[in-house]
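Working notes, beginning with the structure itself.
This structure is a prediction, so every number in the text was calculated from the model and none was measured. Lettering follows sequence order; numbering is per chain, from 1.
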Number of protein chains: 2
Amino acid sequence: MNEPRYQRRKEDRPQEITDAAYSVFAEKGYAAARVEEVAKRAGVSKGLMYLYFRTKEELFKAVVKNVVIRRLDTLLNTLETTELSSEEFLRGPLLDFMKQVPGSPIAIVIRLLIAEGQRHPDLVDYYWNHVVNKGLTAISRFIRRGVERGEFRETAVSDLPQVVLAPMMLAMIWRLIFAKRELDVERLMDTQIDMIIAYIKA
Amino acid sequence: MNEPRYQRRKEDRPQEITDAAYSVFAEKGYAAARVEEVAKRAGVSKGLMYLYFRTKEELFKAVVKNVVIRRLDTLLNTLETTELSSEEFLRGPLLDFMKQVPGSPIAIVIRLLIAEGQRHPDLVDYYWNHVVNKGLTAISRFIRRGVERGEFRETAVSDLPQVVLAPMMLAMIWRLIFAKRELDVERLMDTQIDMIIAYIKA
DNA sequence: ACTCTTGCTGACCGAGAAGTCAGTAATTAT
DNA sequence: ATAATTACTGACTTCTCGGTCAGCAAGAGT
């Protein structure tokens with residue numbers, strides 16, 4: 001008859017709060033996000049928020065760390081474990097990866113970092129170490145492997161994997177700002193990969 | 001002896017306030033920017049702010065419109081008026097333009113748009129019409145002129161000037177987030193232009 | 001010189017949101 | 001059953017900041 005008004009679930013709370021916070025930050029950005037709104041979506045009281053995260057800022061950092069890393073690691077794993085020729089790899093898994101990023105939570109986190117990064121240098125460091133650097137290094141490694149195997153010639157692309165990712169960045173920003181105006185993301189990235197392969201092929 | 005406490009300068013105020021606002025928004029972003037801080041830098045009282053701009057939001061829009069357009073128009077003009085072969089144009093003025101954007105106020109405005117665009121759709125429209133669309137169209141026109149002249153072959157790049165600008169976007173975001181970590185912007189863009197020309201040359 | 005107009009000031013107001021804490025009730029220990 | 005523990009609640013406090021307005025004084029008009 002008398003249902004308990006709440007359950008104690010110490011273990012699950014951090015994850016649930018973090019997920020709720022992600023969705024609020026994604027919609028509103030950091031500054032406009034209300035801690036009380038996060039509490040509501042997580043199904044807890046405002047007070048409880050402060051038992052798990054000392055401040056709103058700490059909550060923000062937890063979001064970037066948990067949510068993103070969790071979803072990114074699967075992606076990076078497939079990147080590391082495939083065994084294809086370098087060209088097949090560029091045209092297959094890497095291209096697919098690039099196409100899906102602009103619509104993924106990573107794009108949201110990039111927005112938060114662009115907007116708030118200045119005030120959270122340690123968060124930027126963390127993101128650099130655990131996401132960007134990892135990804136760039138992985139791509140570089142593949143290009144270099146292609147060079148070693150004689151598939152590719154030595155070009156600036158070996159040192160600048162950013163060349164590969166540039167259209168992905170543009171597509172991300174495009175969607176964040178100009179969501180409505182359509183951009184042919186597929187064709188954009190296909191073209192870039194075509195161009196790169198033509199350019200570096202031995 | 002008795003210096004006047006202030007001067008009346010109705011004409012100059014909007015510009016001065018707008019410039020001050022730009023510098024504060026650039027440093028703090030929209031949400032964290034304080035109207036009083038803008039007033040201080042503009043050398044006026046907080047009250048005066050509201051005689052020239054009805055709300056903080058209107059001030060924000062004025063910044064995007066005035067500051068950016070003013071500085072962008074000179075750039076776009078040189079883009080339109082040069083008379084070089086298409087390849088020379090890509091390797092010369094356009095490349096120079098792309099190299100200087102990531103360090104210019106445009107990058108700052110892009111940050112503001114990414115962070116706050118969701119809540120200011122009309123601002124995004126304005127920026128689209130007066131900056132992005134203009135720029136993209138100008139580039140498309142040049143590529144197509146090259147095709148007509150027989151310098152280039154018909155490729156996706158004719159419809160997707162975004163291919164050209166992609167590394168510029170990456171460099172911009174890179175600097176906004178990872179200011180410290182160096183990125184060889186010159187080499188990145190040189191490579192992209194090299195690649196593109198090799199790809200589209202007839 | 002003496003109004004008169006109006007550009008300008010700065011103390012003030014009120015909304016709203018981050019963060020607190022005394023108390024409550026779910027769970028565990030005895 | 002009863003007591004002890006602690007996860008949890010939500011009303012409250014405090015403070016910040018966008019926006020207001022009554023009055024002041026700079027400069028124009030006469």
Side-chain angles (χ1 to χ4, degrees), chain A residues 1-64 112 115-116 119-120 123, chain B residues 1-64 112 115-116 119-120 123:
Chain A
M1 182 86 240
N2 238 340
E3 302 211 338
R5 299 199 324 185
Y6 59 83
Q7 293 171 19
R8 301 179 156 199
R9 311 214 329 282
K10 191 177 159 76
E11 301 305 315
D12 303 330
R13 295 300 191 199
Q15 190 65 248
E16 291 170 8
I17 292 173
T18 278
D19 286 344
Y22 167 78
S23 78
V24 177
F25 286 142
E27 274 174 37
K28 316 271 178 127
Y30 176 79
R34 305 295 153 221
V35 173
E36 207 156 11
E37 172 70 17
V38 175
K40 204 174 158 191
R41 292 199 199 178
V44 300
S45 68
K46 190 178 169 187
L48 192 65
M49 301 290 296
Y50 288 88
L51 293 177
Y52 288 98
F53 301 95
R54 294 211 328 280
T55 63
K56 184 185 177 186
E57 185 178 335
E58 219 179 64
L59 175 61
F60 177 60
K61 292 180 178 176
V63 167
V64 175
L112 293 172
E116 302 291 331
R119 269 188 298 287
H120 306 287
L123 191 61
Chain B
M1 180 88 239
N2 238 340
E3 301 214 339
R5 298 200 323 182
Y6 58 84
Q7 293 171 19
R8 301 179 155 200
R9 309 214 330 281
K10 191 178 159 75
E11 302 304 315
D12 303 330
R13 296 300 191 198
Q15 190 66 246
E16 291 171 7
I17 292 172
T18 278
D19 286 345
Y22 167 78
S23 80
V24 178
F25 286 142
E27 274 175 35
K28 316 269 178 130
Y30 176 78
R34 304 295 154 222
V35 173
E36 207 156 11
E37 172 71 16
V38 176
K40 202 172 158 192
R41 291 199 201 178
V44 301
S45 68
K46 189 178 168 186
L48 191 66
M49 302 289 297
Y50 288 88
L51 294 176
Y52 288 99
F53 302 95
R54 295 212 327 279
T55 63
K56 185 186 178 187
E57 186 178 333
E58 219 178 64
L59 175 62
F60 177 58
K61 292 180 179 177
V63 167
V64 175
L112 292 171
E116 302 292 331
R119 269 187 297 285
H120 305 287
L123 191 63

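OP1 or OP2 of D:dC8 lies within a sub-4.0 Å distance of a side-chain N or O belonging to A:Y52.
Checked by atom type and distance alone, the side chain of A:K56 pairs as donor or acceptor with a backbone atom of A:A33 at under 3.5 Å. A distance-only check finds a donor-acceptor pair linking the side chain of B:R119 to the backbone of A:K28 [under 3.5 Å].
Salt-bridge formation is not detected for the pair A:K40/A:E36: no Lys NZ or Arg NE/NH1/NH2 atom is positioned less than 4.0 Å from an Asp or Glu carboxylate oxygen.
The interatomic distance linking A:E11 (CD) with C:dA26 (P) rounds to 20 Å, in whole Å. One can place CE of B:M49 at 15 Å from P of C:dG10, the figure rounded to the nearest angstrom. A:F53 has its CZ atom 18 Å from the C1' atom of C:dT20, to the nearest Å. Nucleotide D:dT9 holds its P atom 15 Å from the NZ atom of A:K40, rounded to whole Å. When rounded to the nearest whole Å, the span between CG of A:L48 and C1' of D:dA11 equals 16 Å. Rounded to an integer number of Å, the gap from B:E58 CD to D:dG19 P is 10 Å. For the pair A:Y50 OH and D:dT6 P, the interatomic distance rounds to 24 Å; values are reported in whole Å. If you measure from atom NZ of B:K10 to atom P of D:dA28, you get 13 Å, rounded to the nearest angstrom.
Counting non-hydrogen atoms under 4.0 angstrom, A:R34 reaches the backbone sugars and phosphates but no base. A:R9 comes within 4.0 angstrom of sugar-phosphate atoms only, judged by non-hydrogen atoms across all strands, and of no base. Within the 4.0 angstrom heavy-atom criterion, only backbone atoms of the sugar-phosphate kind lie near A:A33; the bases stay farther away.
Comparing B:R8 and B:T55, the nucleotide of DNA chain D nearest to each residue sits closer to the 5' end for B:T55. Mapping B:K56 and A:R13 onto DNA chain D by nearest heavy atom places A:R13 at the nucleotide closer to the 5' end.
We find the CD-CD distance between A:E37 and A:E27 to be 7.5 Å, quoted to the nearest 0.5 Å. Remark: B:L112 CG to B:F60 CZ distance equals 4.5 Å, nearest 0.5 Å.
For B:Y6 and C:dG7, a side-chain-to-base donor-acceptor distance below 3.5 Å is present, hydrogens and geometry of angles not being considered.
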